[in-house]
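One structure is given here, and the rest of the page talks about it.
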Amino acid sequence: MLKTVIRQNSYQDSINLMLLTNALNALDVVNRASVMMGTEANKDIFKSTGFYTDEVGTAAPADMVIVLDVEGDDAQASALATVDSFLADLSSRRKKGGTVDVTSLAAAIEELPDANLALFSIPGEYAAPEMRKALEAGLSVFSFTDNVSIEDEIELKRYAHEHGLLMMGPDCGTGIISGIPLAFTNVVRPGNIGVVGASGTGIQEVTCIIDDQGEGVIHAIGTGGRDLSSDVDAITVKDALIALEHHDPTDVIVLISKPPAPAVRDEVVNLLHNLSKPVVAIFLGEKPDHHEQNVYLAHTLEEAALIAVDLANDREVQPVYMPALDNELDARIGESGTVKGLYSGGTLANEAGMLISEALDLGGVIHHDGYVLDANGYQVMDLGDDMYTQGRPHPMIDPEIRINMLKDLAADETTQIILLDCVLGYGAHPDMAGQLAPAIRSGLESAKAAGKDLYIIASVVGTRQDPQNYDAAVRTLREAGAYVEATNARAIRLALKLKGVDLVEAPKQVIEREVEKIDLPAPSDNVMDLLTTKPRVVNIGLESFNESITTFGGASVQYAWKPAAGGNKELIRLLNAFSGRDDIAAANQVVVDRMRESQPFLVDVVPAKSVIEILNTRTLLHAGPPITYPEMTGPMQGSCVGAILFEEWASDEAEARRMLEAGEIQFCPCHHVNAVGPMGGITSGNMPVVVVINRADDSVGYCIMNEGIGKVLRFGAYSDEVVNRLRWMRDVLGPVLSQALQQTENGINLNVLISRALTMGDEFHQRNIAGTLNLFKELMPLIVKLDIDQADKERVVQFLADTDQFFLNVMMATGKSIVEYARKYQEGTVVTTMTRNGKDFGIRIAGMGDEWFTAPVNTPNGLYFSGYSEEDANPDIGDSAITETIGVGAMIDVAAPAVTRFVGSGGGYDDALAVSEEMDTITISNNANWSVPNWNFKGTPLGIDITRVVETGITPLINTGIAHREAGVGQVGAGTVRAPLACFEKALVAYARKLGLS
Amino acid sequence: MHGEPWQGWMTASLHDHLGVRATGHVHSIFRQSFNIDVDGLLLNVGQHRQRLSPLGMALDPTEFGPLWETVAIGDLVRWSARKLAIYPSRGTPVVIPWERTATVDHAVPYGAMNPEILAGFAESIQALSLDTKIGLTWDADLQRVVGQLRRADADESERQSAFRWLLGRGKGLTPSGDDIVAGYAFLLWMFGIAVIDARLRDEARQRTTATSATLLHMLSFGETGQALFDVWRAANEGSLQNLDHSLKRVLEIGHTSGADTVFGIGLGVERLLGAGNRPKAGGGE
C-alpha cells in the first residue's frame with residue numbers, strides 16, 4: 001500500500017534523492033519506494049511510475065516527497081528511519097567537506113571574493129535565471145545542469161560572450177580547468193594539450209588516452225552538446241578555441257564535437273585554420289580521409305587522442321593509428337550472432353554505433369528511445385539517455401539497469417557479443433567494475449550452460465590517478481570473464497573481429513586547404529584569468545563536486561541552493577523582476593535608514609483616550625490585523641470582557657459578553673492608531689499608555705503598560721484581581737510615572753537604554769530584565785522626588801521592581817514609533833509591521849502603505865508551564881512582533897542565548913547564533929546603533945525584506961508567550977513561532993502589481 | 001653569462017644535452033630544488049644561481065617558491081625551441097621563455113691547464129686528511145681500486161674495472177664511488193685526459209642513480225657545477241690560495257660528497273704526478 005510522506009521545504013538535489021530511493025528499495029520491508037522533490041515534472045514521473053497519490057498532488061516544489069509501498073506502520077517507520085539516517089549522513093559529510101556553506105550567491109562571492117567560476121548542478125527548470133545572476137556577477141559558468149531550453153542557452157551564451165565570460169554547458173558533464181577535474185571527470189595529468197569538447201564522455205575518453213600515453217591536458221573546456229547547432233552557433237566553442245590559442249602552456253588543441261550543423265562546422269573549421277597551434281578535430285559521425293594543413297581530422301576518439309599526443313611531442317602525425325588489440329581471439333561467431341552495446345557514456349555509444357554500422361553497413365547511427373543503433377539485431381544503447389534516467393540515477397552512478405540488461409542479453413539467443421564501458425573518475429560509482437563483475441560472470445555462465453558462445457568486451461575510461469583504482473577495475477572485469485581493451489575503439493574492433501570484420505582505417509594525407517583569413521579577437525581578461533589560475537568556484541548544487549576542486553588546488557564555496565520561493569515559478573519571475581531594480585533598492589535603503597536614525601524617547605504615560613481619539617467612544621483596540629469579535633480566540637475575547645468591566649460599561653461578565661455579541665462595542669487594530677498591544681492587545685480609553693516619541697520626525701508610539709505575570713488581561717483574564725490591578729495602574733501607576741517623566745527635559749533616551757540593555761543580555765521580547773532595570777535606574781531618582789503618598793510611591797516602586805517584563809511594552813511603543821516614521825516613505829519591500837490577532841498573521845510593507853497582507857497564524861512551539869501542553873495553546877497572538885519588525889526579539893536571539901533555551905527554539909549559544917545568522921539573511925542591513933557583543937558587536941538585523949523572505953523561504957522567527965486558548969486562564973508557556981510565508985508572498989504579488997510587474 | 005638575467009639562469013649547453021624539444025617528468029623534489037627527468041638525465045631546477053647544477057636551471061625565488069609548492073613527482077614538463085613549460089598537478093602551468101633565461105657556462109676547457117699547478121693541488125689535498133672523511137670503507141677492495149686509479153702505469157682495463165667497482169657504490173643521491181670518479185675525471189679533463197667515455201656514461205645510467213649519471217654525463221663534456229668550476233678558475237689563475245679555498249668549498253658539499261670528490265681529484269693528481277704505490281694511508285689501513 002502506498003504511503004506518502006511530505007517533508008515541507010526540505011530541498012535535496014536529485015542525485016542524493018535517487019541514492020536515497022535506492023537505499024529504500026534495498027530494505028526488506030519496502031516493496032518499492034520513490035523519493036523526489038515535489039516539482040510538476042516529478043509529479044508526472046510519480047504518475048508514470050505508479051507512485052502518485054493525492055498527497056503527492058499537494059506537494060510544493062521545495063517539498064521532499066517520499067512515497068513508500070509498504071505494509072503496515074512498522075515498515076513505514078523503519079523506512080523513514082532509513083530516510084533520516086541517510087539525510088543525517090549527508091549532513092555529517094557536508095560538515096567534513098572543508099568548504100564554506102552559504103545560502104546565496106552574494107554570500108558566496110563575499111566568502112570567495114575572487115571567485116571566477118560558478119559550477120551549477122541544480123534542476124534545469126530553475127537554472128537559467130540563476131546562471132544569469134552568476135554571469136552578471138562576473139563569473140564564468142560551468143553548467144552540469146541539463147534541461148535548460150535552447151532559448152535560454154542562447155541568451156546565456158550570448159551574454160557570456162558579450163561580457164567576456166565563458167558559458168560551459170548547459171549539460172556539460174565533464175571539464176578540466178587548469179588541471180582541476182570538474183563534475184564527472186577523470187584525474188588527468190596536466191600537460192600541453194587543451195581540449196574543447198561538446199561531448200562529455202568524448203572528452204573523458206580522449207583525455208584518458210592522452211594521460212595513458214604519458215602526456216597531459218591542461219584544460220578540457222566542455223561546451224554542452226548543442227553548442228555546434230545552428231541555433232547556438234558554437235558561441236562557446238569559438239570563445240574557448242580563441243582562449244586556448246592565447247594560452248601559452250597549450251601547444252596542441254583538440255576539438256571534439258557531435259555532428260555539427262554544416263554551416264557551423266564550416267565556420268569552426270575555418271577558425272581552426274586561423275589558429276597558430278596545431279588542432280585535432282573529431283566531428284563524430286564523419287569519416288575523414290585526409291588532414292587539412294594544421295587541422296588533423298580524426299575518425300575515432302582514440303585516433304584524436306593519439307594524433308594529439310604526437311603533436312604534443314612535436315612528432316610527425318602518422319597516416320594511420322591502429323594500435324594492436326590487447327586480446328588475441330581466434331574465435332569467430334556465426335552469422336546470426338549479434339552485438340549489443342550497453343553504454344553509460346553517450347559519445348562512447350555513438351562511437352560504437354558508428355563503427356559497427358560502418359563495418360556492417362547497418363545504415364548509420366540513430367537516436368530514438370535511447371538507441372544509437374538498432375538494425376538487424378545489432379543494438380547499441382545509450383543508457384544515460386533521458387529515457388533511462390528519469391527518476392533514477394545515471395548509469396555511471398547506478399549499475400542496476402546494466403546488471404538487469406546483462407542478465408537479459410545473456411539469455412538472448414542471438415546476442416553473442418556485449419560491449420560495455422566502465423567510466424571512472426569523480427562523480428562515477430566508486431566501484432562500477434565490482435558492481436558489474438557478478439553480472440558478467442553469471443551471464444557468461446548461463447550462456448555457457450545454454451550452449452551459447454558469449455563474449456563480453458569492455459573498456460575502462462579512466463586514469464591511474466582517478467579516485468577508483470584503474471588497474472583494479474581492469475583486473476576485476478577480466479577476472480569476471482570480460483575481455484578488456486584499452487579504448488572503446490579497440491573494444492569495438494575486437495567485437496567486429498569476432499564477427500570476422502577487421503576494421504582498418506585508410507591512410508590520411510595532409511592536403512592544402514583554402515583558408516579565409518580572419519582577425520582573431522583577443523580573449524577577455526576574465527577568460528584568461530580562468531585559464532591561467534586555479535579556479536575559484538562557487539559550487540551551486542551537488543556538494544560532492546567540491547572534492548576534486550579542493551583536492552587539486554582550487555578553492556570553492558558551497559552555495560546551498562534550493563529553489564527560490566519554494567519553486568513557485570511566478571514568484572521566481574517576480575523576484576527576478578525585483579532583483580534588477582535599483583529604485584527599489586534605493587527605496588529600501590531610505591526605509592532602513594529611517595529605522596536606523598530613529599531617536600525614540602519615553603516622554604509620558606497618559607490615558608489612552610487622551611491621545612487616541614477613537615477611544616473616547618465605546619471602542620476597544622486589539623492586537624493584530626483587523627478582526628471581528630466572533631473571529632477572536634478565547635484570550636482576546638476574555639480581554640475584551642475585562643476591558644468592559646474595567647471601563648464599567650457593564651457590571652458583570654454576562655452583560656459584557658452580551659454587549660460584545662450584540663456588536664455594541666467597536667473594534668480597531670492598535671496599529672491603526674499609532675498603538676501596539678501585547679497578546680490580545682485590548683486597550684480601552686482609560687488604560688494608561690506609555691508615550692514614545694521618535695524625535696527623528698516626532699512620530700509617536702503608544703502601548704499599555706505591562707501588568708506583570710500570572711492572571712493578566714493581555715492573556716485573557718478578567719477577574720476582579722485583574723480589573724482592580726488595571727484600575728490601580730490607571731489611578732496610581734500611570735500618573736506617578738507621568739509625573740516622574742515630566743521632571744526630565746526631553747524624556748528618557750531609549751536608544752541609549754536599549755543599547756546598554758543589549759550588552760546585558762536582553763533581546764527585548766522574551767527577556768527585558770536589563771531594560772527594565774535600566775529604566776528603573778532612570779525612573780527611581782525621579783519617583784523618589786515626587787511629593788505623593790508614600791504608600792503609593794512604595795507600591796509603584798515595588799511593582800516596577802517585581803515586573804521583569806515592564807520594559808517590553810516600552811520597547812513595543814518604541815518599535816511603533818520607529819516603524820511609523822519609516823513607513824511614511826511608501827516605496828520598497830521592507831516590512832514595516834508584523835502582528836497577529838490569534839487568527840491571522842498580518843504584515844505591512846513600506847511600498848503598500850496601510851494595506852494588510854494576512855495568512856493564518858501558526859501556533860507557537862515552546863515550553864509549557866507544569867500541567868499544560870500544546871493542546872492548551874492559543875494560536876499566536878499580539879502586537880509584540882513589532883520587536884522583531886525592528887530587528888530585536890528572536891531576530892537577535894544571539895544577544896540572549898539563555899532565552900533560546902527557555903523558548904525552546906534550540907538550546908545553546910550555537911542555536912541562538914544560528915537563528916540570528918538566519919534572520920540576518922532576510923534583512924537588508926544592520927543597526928550599528930544597537931550592536932550585539934555576543935555577535936562580535938555586529939548591529940541588530942534591520943529591514944526585513946519580503947523579497948528575501950520569499951526567495952529563501954526563511955520567515956521571521958518570533959519569540960512569544962503562549963496564551964491558553966480559553967479566556968481567563970492566562971499564560972501557559974513561552975516559545976517561538978514562524979511568520980507564515982503566505983503573507984509575504986501576497987505582499988510581493990501586490991507590490992509587483994502596483995509597479996506593473998505582474 | 002650571456003644575456004640579461006631576468007627570470008632565471010640555465011646551463012649554457014642545456015639544449016645540447018636535452019635537445020631542443022623534449023618531454024620530461026618531475027623526477028624528485030628536494031627542499032631547495034627539484035629534478036626533471038629527460039630520458040634518464042636530470043635537469044635540476046633550483047633558485048640559486050650560485051648553486052647551479054652542471055645541468056640545471058635557477059629561477060628567481062619569487063617564481064620558484066610557488067612552483068615548488070605545487071609540483072609533484074610525475075608532473076609533465078615540455079620544452080621547445082621557444083619555451084620551457086612545467087605543468088604542476090596542483091598548480092598552474094609555468095612557462096619560461098628561453099629568451100628570458102640567462103645562460104651560465106661552466107664548461108672547463110679541455111687540456112688547457114698548466115701542469116705546474118698539480119703540486120698545489122697535491123699540497124692542498126694532502127692537508128685535508130680525506131682518508132677519514134670519504135664515504136667508502138677502507139677495505140682491501142677500495143685499496144685495490146684506489147691503487148688502480150692513482151697509478152700512472154695502470155692499464156686502461158684496470159681503470160675501467162675500478163670505475164665499474166666505484167659506480168653506484170655508497171649511499172645517497174651521488175654515491176661516494178661516483179663522486180670519486182667525478183673528481184678524478186674532472187681533474188684529468190683539465191689536463192687533457194677524457195676519462196668518461198660513452199660506454200662509461202651508459203654504464204653509469206645502468207649502475208647508479210640518475211643524479212650521478214647526469215653528473216658524470218656532464219663531466220664527460222667537461223661541464224661542472226659552480227663549485228668545481230671555481231676550482232678550475234683558481235687553478236687556471238695559478239692562485240694557490242684560491243685553489244686551497246675552492247677545494248675546501250667543494251669539501252662542504254653534501255655529507256661526504258665533497259670529500260669523495262676532492263679525494264677523486266687527489267687520485268687524478270697522484271696519477272699525473274706519477275706517484276707509485278700509495279703511501280701508508282690513515283683510516284682503514
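Not measured: the values here are computed from a predicted model. So that the names make sense, note that chain A is the first sequence line, chain B the second, and so on, each numbered from 1.
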Discussion item. Under a 3.5 Å distance rule, please check whether B:Lys83 uses its side chain to pair with a backbone N or O of A:Asp248 as donor and acceptor.
Written reply: yes
Discussion item. Need one label for A:Gln465: side chain, backbone, both or neither, based on atoms under 4.5 Å from any heavy atom in chain B.
Written reply: neither
Discussion item. Is A:Thr532 close to chain B through its backbone or its side chain, or both, or neither, when contacts mean heavy atoms under 4.5 Å?
Written reply: backbone
Worksheet item: Counting N and O atoms only, with roles assigned by atom type, does the side chain of B:Tyr87 sit under 3.5 Å from a partner on the main chain of A:Pro249, one being a donor and the other an acceptor?
Response: yes
Fill in: Winner by heavy-atom pair count (cut-off under 4.5 Å) against chain B, out of A:Gly191, A:Gly214, A:Gly554, A:Gly179
A:Gly191
Worksheet item: Considering only heavy atoms from C-beta outward, does the side chain of B:Arg78 approach that of A:Asp314 to under 4.5 Å?
Response: yes
Worksheet item: Does CZ in B:Arg249 sit with more than 12 non-hydrogen atoms of other residues, nucleotides or ligands closer than 6.0 Å?
Response: no
Worksheet item: Which distance, rounded to the nearest 0.5 Å, do you find between the CG of A:Asn192 and the CD1 of B:Ile86?
Response: 13.0 Å
Worksheet entry | Gap between atom CD1 of A:Ile180 and atom OG of B:Ser89 - 0.5 Å precision | 11.0 Å
Worksheet, complete the sentence: Checked A:Ala312, A:Gly216, A:Pro190 vs chain B; the most non-hydrogen pairs under 4.5 Å come from A:Pro190
Discussion item. When you measure from the side chain of A:Arg189 to the backbone of B:Asp75, do you find a donor-acceptor pair of N or O atoms at a distance under 3.5 Å?
Written reply: no
Discussion item. Testing the basics here: between A:Lys534 and B:Arg90, what is the closest heavy-atom pair and its distance to 0.1 Å?
Written reply: CE-C, 3.5 Å
Worksheet entry | Heavy-atom neighbours of A:Asp525 CG exceed 12 at 6.0 Å | no
